[in-house]
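Predicted, not measured: the structure shown is a model, and the values here were computed from it.
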Amino acid sequence: MMTVVSAELADTSVGPPRWLASPGKIVVRLLVYGVPTVMILAPLMSFLAYSFLEQKDNIVTGHLTLANYAAFFQSGSYLYVFFGTVKLAFVVATVALFLGYIISYLIWRLEGSTRYLLLLLSALPLVMNYVVKIYAMRSILGFNGFLNSFLMASGIINAPSKLFIFNQTAVMLAMAVIYLPFGILPIFLALERIPQSLLSAAADLGAKPGQIFLTVILPLSLPGSIAGALFVMVIALGDYLTPQMVGGSEGFTFGRAIWSQFGMAFNWPFGAALAVVLLVTVIALIGLASLIARKARLG
Amino acid sequence: MTAALSEEEVVRPNVIQLVGVTKSYRNLNVLKPVDLDIKDGEFLTILGPSGSGKTTILRMIGGFTPPTSGRILLRGADISQVPIFRRPFNTVFQDYALFPHMTVAKNVAYGLRIRRRPAEEIKTKVAAVLETVNLTDKAERYPSELSGGQRQRVALARAIVCEPQVILLDEPLAALDAELRRSMQEFLKDLQRRIRTTFVFITHDQEEAISMSDRIAVMDHGNLIQVGTPQEIYYKPRTEFVAKFFGENNLLPAQPDNNAANILESPLGKHSLPASAKGGGSFLLAIRPESFSIHDGSELRQGQSVCVGRLENVTFLGATTQLSLNVGKAQQTIKVRVPTGQSGNNLAFGDDVPLRWSEADVNVLPRG
Amino acid sequence: MKRREFLSLTTTMAAGALASSAFKPAKAAGKELRILTWEGYADDQWVKAFEQKTGSTVSISYTGSVDEIFAKMTASGGADFDVIAIETSSYKRLTQEKLLQPVDLAKVPQSSNLLPAFRSVSAIIFDGKPYAVPFAWGSIPLIYSTDTFKTAPDSWSILWDPKYKGRIIVMDDANNAIVTTALLLGFKDPFNLSADQFLQVKAKLLEQKANVASYYAGFDDGVSIFAQGGIDLMMSMGEPQAPMLRSRGANVGLTIPKEGAIGWIDCWAISAKARDTELAHAWVDAMLEKAVGTYISEKTGYGNTTNGDANEKIGLTYSDRLVFLQAPEDFGRRIELWNEIKATPVQQ
């Protein structure tokens, strides 16, 4: 990529005038637009192609078939896991939206350097290793974890509880915490995009702080925040490790099901079909997010 | 103030009074103590270069920022601590600050809706105000679909619909191009006359200030320097800054005469020192180029003086012609503006031109 | 195949030294041996000795998963590698896809070192010909808390005991779970289940789910959950989890229940398109030196196939009680079943 970019730069500085469409320029254009397109599209296309291939006795026969998709839509357990995962991601995104909005709003209301310091702090988990974060969550929620120790020390419970680990609550808690920074940043940006003068104008027109929030801040920041939450949902959809590691026997998600087809069953066509189902879902969500974001910009 | 107050000014009561108002951020004094009376129904312009503190004054009146010290009175009552949303003022912002997620009608209705006015009243008033600003047909548009001038008028409508006691305008025309600006100036002035509401208008544009205002408050470096009608500000500047700020002016050094007290000596000759300009040291004389005329030898009236200048340059400006002349021993250059017809008497460079002026038009300023 | 993660993490291989041997320029006229293996299975000292002895150059490619081995082998029909190390259950597929050639034991004189239990492992014999030579082994034992159990539980059925509800963890591995359950149910061939046996296994695993706190994701994950407390029993991923747990303060024991347990064997095999089959056989032979076997046991904690004393020293005395992994009848079906188990909500 770097060499392609520098070739384009060199072209504009020492090459023939811009209006001269030299063959070299066309090549550079092709490289600049083509290489990333190919690099992104090629693997996706191969997935798509694989999902229509027939596999018999562990060997891909090369015949085209819809059987892989049929298998998904007819299988109770894969459908169940798929919708369970979508629901989980939705809940995680909703929690991230809710908590993320509150945190972003509080940070946004601050002034001076504390504001950016806190924002930086809230984004810091993004640079932490993801597995480390899961382990950290588990050491908080776990049987002899921080939460239990705290509750026991404060006399609320007598023996460590398994209420916070290896169940759906744990999955939602852990994922919400892990994905919160992904929510905080877009929401903060959505708030930051609201011109200060609009708030002044609202106050000037007689709105009290609560009215300003409801009539100006919320409607203007909500679309961007929802778009941010949808992206959290997209990331959460693909995460199978967190549910696996904190969800106990209820931590099975669609990503893990896809993985099992590739890594364990060696049934790539079926795995690819499952992956395409997830991909279509993700694309739909991203489309929805950008639609909301665009509408927000226009409005 | 030397000029006598006009009858109108005497009659009009004050809406807002700033009493010893200051503003400082940390250690920075952005506003030195300011006393300013704003009269009911007037179009007051606060004029100054950027950083002079004019917007700070507006923001303090509006309630966006509290004064560091001093009081702000509304018809005699101290409102310094009244929160922004309870002040009966409305602001037109420099960037209009229209709510992008609301239609024009909703934007205009905002202040009434917040105050929970009956729906019928809101509807009627919004329609009437949109009519006033000629935007009836744009009621259902969004701000992003409007031109700059239209947005400006929505911002105005949004402010006036609340029937505030004062409308504060923070450089509302700065973002418009020259042509639109001129028509908006006329529109604003006309609007203000029709609705008879006090306008406090912020600008850094002198011509705008002079053409629109009933009175102008000139600010510089956090100081309120002079308040007066455009004519007073223009012809009777009280500081060098004001004298230089508006249009072309002649500023000449003047020293007290060694022999006679109360007599100043300048390149133009001798002047009597007015009582208001006390103290020793040197002074500046300010006299507008158009205050001079070419002396035709007729008899001088009371208070008129003459001198002779050597013609250095002639600039044709259309209706007037500007002459550059050297006067006095130091060959000080002054500019003289005369109707174009008057200067056509075969003047040649190097000619001595006799000038005449009224001493009343000479302003004696302390040297800054 | 998660034990690889453990292996790659805990073996104290000097990665730099290994890398340098991998990129050694081929000697102009010399022979070259290309190895595809797990980290820890081609230690520098053996490689050097082998190179000196045979006058060849060894280049090693390390792999992280069985997937990768299949992908790399199928990409060239095996032409890119001479020898590979892989576990018994993969041989059915490797031979089906004709990626391997039989090992000529006449060219592997040190095969006489093999302990009796590893002389005729059925999973690597096809058409009567051996396709690999066993090298290292281990099991999927039951690990239990010695605080809770004064004596080792003697049956896998303990994992179904409601007394330990919520205090049991099981690895998230379809085949291991199904084979172990089949062993408990007493099925003769746990790798070829009938439709009815499938149903029984499924019912049994669903029943177990109510007891399971978590299906853990890997070596470290299992150790971490167990060590955090509240867990009494685990279907382990391999012997090394026990010392890891002890080092983290958990009092645990390890046992092979009376039904037996899954065993695995990593074997050396020769690629169908090996360039120099003589040299490949020489490598396989060299790996059967007793010294190498001893080293494997001491270093990794896994069993070796040549030195019984070294196995005994680390407590791996039960190779005869293990059921060594074979390719199951239908891996996809087993995955399907396991996914169904995991997807079914627990019946409280």
Side-chain angles (χ1 to χ4, degrees), chain A residues 97 101 104-105 108-116 186-230 288-299, chain B residues 25-26 55 58-59 61-65 82-103 106-117 122 141-145 151 154-164 166-172 175:
Chain A
L97 174 65
Y101 198 96
S104 305
Y105 182 75
W108 179 63
R109 289 298 302 266
L110 291 172
E111 274 170 25
S113 53
T114 12
R115 176 174 209 237
Y116 293 99
I187 296 172
F188 182 84
L189 286 179
L191 287 165
E192 192 71 347
R193 269 198 298 269
I194 302 175
Q196 189 62 38
S197 64
L198 292 190
L199 311 184
S200 300
D204 182 77
L205 290 162
K208 300 183 181 80
Q211 290 173 311
I212 297 176
F213 178 78
L214 288 176
T215 57
V216 180
I217 298 173
L218 194 62
L220 284 176
S221 59
L222 208 52
S225 303
I226 289 173
L230 280 174
L288 187 64
S290 59
L291 205 72
I292 291 172
R294 190 177 315 147
K295 191 153 189 299
R297 265 200 304 281
L298 287 181
Chain B
Y25 295 102
R26 297 206 179 90
T55 299
L58 196 80
R59 290 176 56 78
I61 297 173
F64 300 104
T65 181
V82 173
I84 173 169
F85 53 86
R86 292 229 178 82
R87 297 194 186 193
F89 312 139
N90 286 114
T91 306
V92 177
F93 294 87
Q94 184 168 4
D95 64 353
Y96 320 136
L98 300 181
F99 304 120
H101 56 303
M102 299 179 196
T103 59
K106 289 252 168 62
N107 262 285
V108 174
Y110 187 86
L112 300 173
R113 266 184 29 234
I114 285 293
R115 292 191 179 88
R116 306 235 155 79
R117 309 302 306 168
I122 295 179
R141 295 287 182 83
Y142 282 89
S144 57
E145 299 167 301
R151 287 181 206 183
V154 176
L156 266 172
R158 191 175 66 175
I160 61 181
V161 79
C162 300
E163 294 164 6
V166 178
I167 291 180
L168 308 169
L169 303 101
D170 185 7
E171 302 216 30

Nearest heavy-atom approach of B:R115 to A:G206 is NH2-CA, 4.0 Å
Cut-off 4.5 Å, heavy atoms of chain A, and the answer for B:L168 is neither
* Would you confirm whether B:N90, through its side chain, and A:D204, through its main-chain N or O, come within 3.5 Å as a donor-acceptor pair? => yes
Bottom line for B:F89: the part with an atom under 4.5 Å from chain A's heavy atoms is backbone
The reported gap from OG in A:S200 to CZ in B:R59 (rounded to nearest 0.5 angstrom) is 5.5 Å
To the nearest 0.5 Å, atom CG of B:D95 lies from atom CG of A:L198 at 7.5 Å
Between the CZ atom in B:R116 and the CD atom in A:Q211, the distance rounded to the nearest 0.5 Å is 5.5 Å
Residue from B:A97, B:G111, B:P88 scoring the most non-hydrogen pairs under 4.5 Å with chain A is B:A97
Which of A:L220, A:L205, A:T215 passes side chain to side chain contact (heavy atoms under 4.5 Å, CB included) with B:F99? Answer is A:L205
Closest heavy-atom pair, B:Y110 versus A:A207, reported as atoms and distance to 0.1 Å, is OH-CB, 3.5 Å
With chain B, the option among A:P209, A:P195, A:A203 that has the most non-hydrogen atom pairs under 4.5 Å is A:A203
